[in-house]
Amino acid sequence: MADTPHPQDPLPRLRSLLFAPASRPDMCAKLPRSGPDGVVLDLEDAVASSAKAEARSQACAAAAELRQLHSDLAIFVRVNPPSTEWFAGDVADGLGEGLTGVVVPKLESAAQVDAVQQALTKAGWENLLLLAGIETAAGVAHVGDVLEHPSVHIAYFGAEDFITDMGGVRTDDGVEVLFARSQVALAARLAGVPVLDQVVTAFGDDERFLADAAVGRSIGYSGKLCIHPAQVPLANRSFSPSLEEKERARALLAVWDAAQARGEASVAFEGQMIDEPLARRARALLDE
């Protein structure tokens, strides 16, 4: 784990993070309807170059309105990457009262995080949570340096931009991004930051979303990026323990505790040998 603890604990639990263009106030106002844990007013990919300046004031207005109506909602603004011409203006004019944090995409080094934090501090937003986007070849290669930075609180993996940067091709089974996806999850675990999984662009395919989310959860992701309101309940369900999982965890722990009382280091449960690591996993599941 990182030597430097991340501030502003506890962090919001983000099983689902729903995006909408900051340039579309009508869509931003509707973001909470599907029940996401967090929302993102996007100044980056969802906003045309010609609309970015106006979108900044729209993001500020939308954030204030959302906060007034939804006091417990995690509200973020995604700025443009630090390497772009729009980043400085986004930080200066696109962040407003009521925000939980700022999403910074395409981070690739600790030096970039330093520069981002300096810009936020200069603008008076040093207390916002920083959600780091890892979505380039360099970002994945240096993901440990980025996520170990004490200014980073949460992260996400962006598969679409990553595979584009690699010059690869997206496939239905996602094998082309599995290595990078796993690398980001591993680095997040070592850094002690929660990490959100890649988007599913086929927003009308529930089965594909659920299957993709199951893979993400299995390798350590704690939530998912959502690009359509219909994906939100699927993400919330995918990253929450089911009643059956909780019942099994309780039963496993009852058997394990009884074995421990007898001085046994392992014991059979439902045809499987269980030991302390499996008991720890059961306890963690019950704490979710």
Side-chain angles (χ1 to χ4, degrees), residues 6-47 51-82 86-105 107 116-133 151-156 193-196 199 222-233 235-236 239-240:
H6 294 285
Q8 302 196 23
D9 196 45
L11 297 174
R13 184 186 183 194
L14 297 175
R15 299 165 300 172
S16 54
L17 191 61
L18 179 61
F19 285 68
S23 56
R24 290 288 305 276
D26 56 328
M27 294 179 65
C28 293
K30 296 175 182 177
L31 280 169
R33 293 184 181 180
S34 56
D37 291 332
V39 301
V40 178
L41 311 173
D42 194 10
L43 294 172
E44 193 210 8
D45 288 342
V47 178
K52 287 188 185 293
E54 183 181 5
R56 292 166 184 155
S57 60
Q58 291 170 317
C60 293
E65 182 177 350
L66 286 170
R67 177 59 67 217
Q68 183 177 12
L69 298 174
H70 305 276
S71 59
D72 296 330
L73 185 65
I75 305 170
F76 296 82
V77 164
R78 181 164 72 171
V79 298
N80 285 274
W86 302 292
F87 174 75
D90 289 347
V91 172
D93 302 321
L95 306 179
E97 297 298 329
L99 289 178
T100 305
V102 56
V103 180
V104 183
L107 286 172
V116 167
Q117 191 57 51
Q118 290 168 8
L120 291 171
T121 299
K122 182 178 180 180
W125 301 114
E126 65 272 15
N127 291 324
L128 290 179
L129 297 178
L130 176 55
L131 200 164
S151 294
V152 172
H153 306 98
I154 315 170
Y156 74 84
V193 299
V195 60
L196 305 175
V199 302
S222 57
K224 204 152 183 65
L225 305 181
C226 299
I227 58 171
H228 191 278
Q231 295 179 331
V232 169
N236 289 344
F239 291 93
S240 299

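Residue indices begin at 1 and follow the sequence shown.
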Q: Heavy atoms only: give me the nearest Pro194-Ile154 pair and the separation to one decimal.
A: O-CG2, 3.4 Å
Q) Does any N or O in the side chain of Asn80 come within less than 3.5 Å of the main-chain N or O of Leu43, such that one atom is a donor and the other an acceptor? A) yes
**Q.** Test side-chain contact (heavy atoms from CB on, under 4.5 Å) applied to Trp86 and Arg56, step by step
**A.** CA-CA 10 Å; Trp86 302 292; Arg56 292 166 184 155; 3.7 Å; yes
Q | Any side-chain heavy-atom pair of Trp125 and Leu99 under 4.5 Å | A | no
**Q.** Euclidean distance, Phe19 CZ relative to Ile227 CD1, rounded to 0.5 Å
**A.** 10.0 Å
Q) Would you say the side chain of Tyr156 lies within less than 4.5 Å of the side chain of Val103, judging by non-hydrogen atoms? A) yes
(Q) Using side-chain heavy atoms (C-beta onward) and a distance below 4.5 Å, is Val104 in contact with Pro82? (A) yes
**Q.** Arg67 side chain to Gly98 backbone, donor-acceptor under 3.5 Å
**A.** yes
Q: Please answer whether the main-chain N or O of Asp72 pairs with a side-chain N or O of His70 as donor and acceptor at a distance below 3.5 Å.
A: no
Q. Sub-3.5 Å donor-acceptor pair from the side chain of Ser16 to the main-chain atoms of Pro36, do we have one?
A. no
Q | CA sep, side-chain torsions, deciding dist, call: Leu128, Leu95, side-chain contact (heavy atoms from CB on, under 4.5 Å) | A | CA-CA 10 Å; Leu128 290 179; Leu95 306 179; 4.1 Å; yes
Q.
Using the rule given for side-chain contact (heavy atoms from CB on, under 4.5 Å), can you reason through Val39 versus Leu17, listing the C-alpha separation, both sets of side-chain angles and the distance that settles it, and then say yes or no?
A. CA-CA 5 Å; Val39 301; Leu17 191 61; 5.8 Å; no
(Q) Working to the nearest 0.5 angstrom, can you tell me the gap between Leu120 CG and Asn127 CG? (A) 10.5 Å
Q) Which distance, rounded to the nearest 0.5 Å, do you find between the CG of Leu196 and the CG of Leu131? A) 6.0 Å
Q. Would a distance-only check, ignoring hydrogens and angles, find a side-chain to backbone donor-acceptor pair under 3.5 Å from Thr100 to Phe76?
A. no
Q. For Pro32 and Leu73, which heavy atoms make the closest approach, and how far apart are they?
A. CG-CD2, 4.0 Å
Q | Heavy-atom pair of closest approach, residues Val193 and Val152 | A | CG1-O, 3.7 Å
Q) Any idea which heavy atoms bring Ser151 and Leu130 closest together, and the distance? A) O-CB, 3.2 Å
Q | N-O pairing of Asp37 and Arg13 below 4.0 Å | A | no
Q) Roughly how far apart are Arg15 CZ and Ser240 OG, rounded to 0.5 Å? A) 4.0 Å
**Q.** Gap separating the CG atom of Leu66 from the SG atom of Cys28, nearest 0.5 angstrom
**A.** 7.0 Å
Q. Is it true that a side-chain atom of Glu126 and a backbone atom of Lys122 form a donor plus acceptor pair closer than 3.5 Å?
A. no
Q. Is it true that atom CG of Asp26 has more than 12 heavy atoms of other residues, nucleotides or ligands lying nearer than 6.0 Å?
A. yes
Q.
Determine whether a donor-acceptor pair (N or O, by modelled atom type, separation under 3.5 Å) exists between the side chain of Lys52 and the backbone of Val47.
A. yes
Q: Identify the two heavy atoms, one from Pro21 and one from Met27, that lie closest to each other, and give their separation to 0.1 Å.
A: CD-CE, 3.9 Å
Q) Is any side-chain heavy atom of Leu129 closer than 4.5 Å to a side-chain heavy atom of Leu11? A) yes
Q) Does some side-chain heavy atom of Asp45 sit less than 4.5 Å from a side-chain heavy atom of Arg78? A) yes
Q: Identify the two heavy atoms, one from Gln58 and one from Ser23, that lie closest to each other, and give their separation to 0.1 Å.
A: OE1-CA, 3.1 Å
Q | Reported CG-to-CG distance for the pair Leu41 and Leu18, which is rounded to 0.5 angstrom | A | 10.0 Å
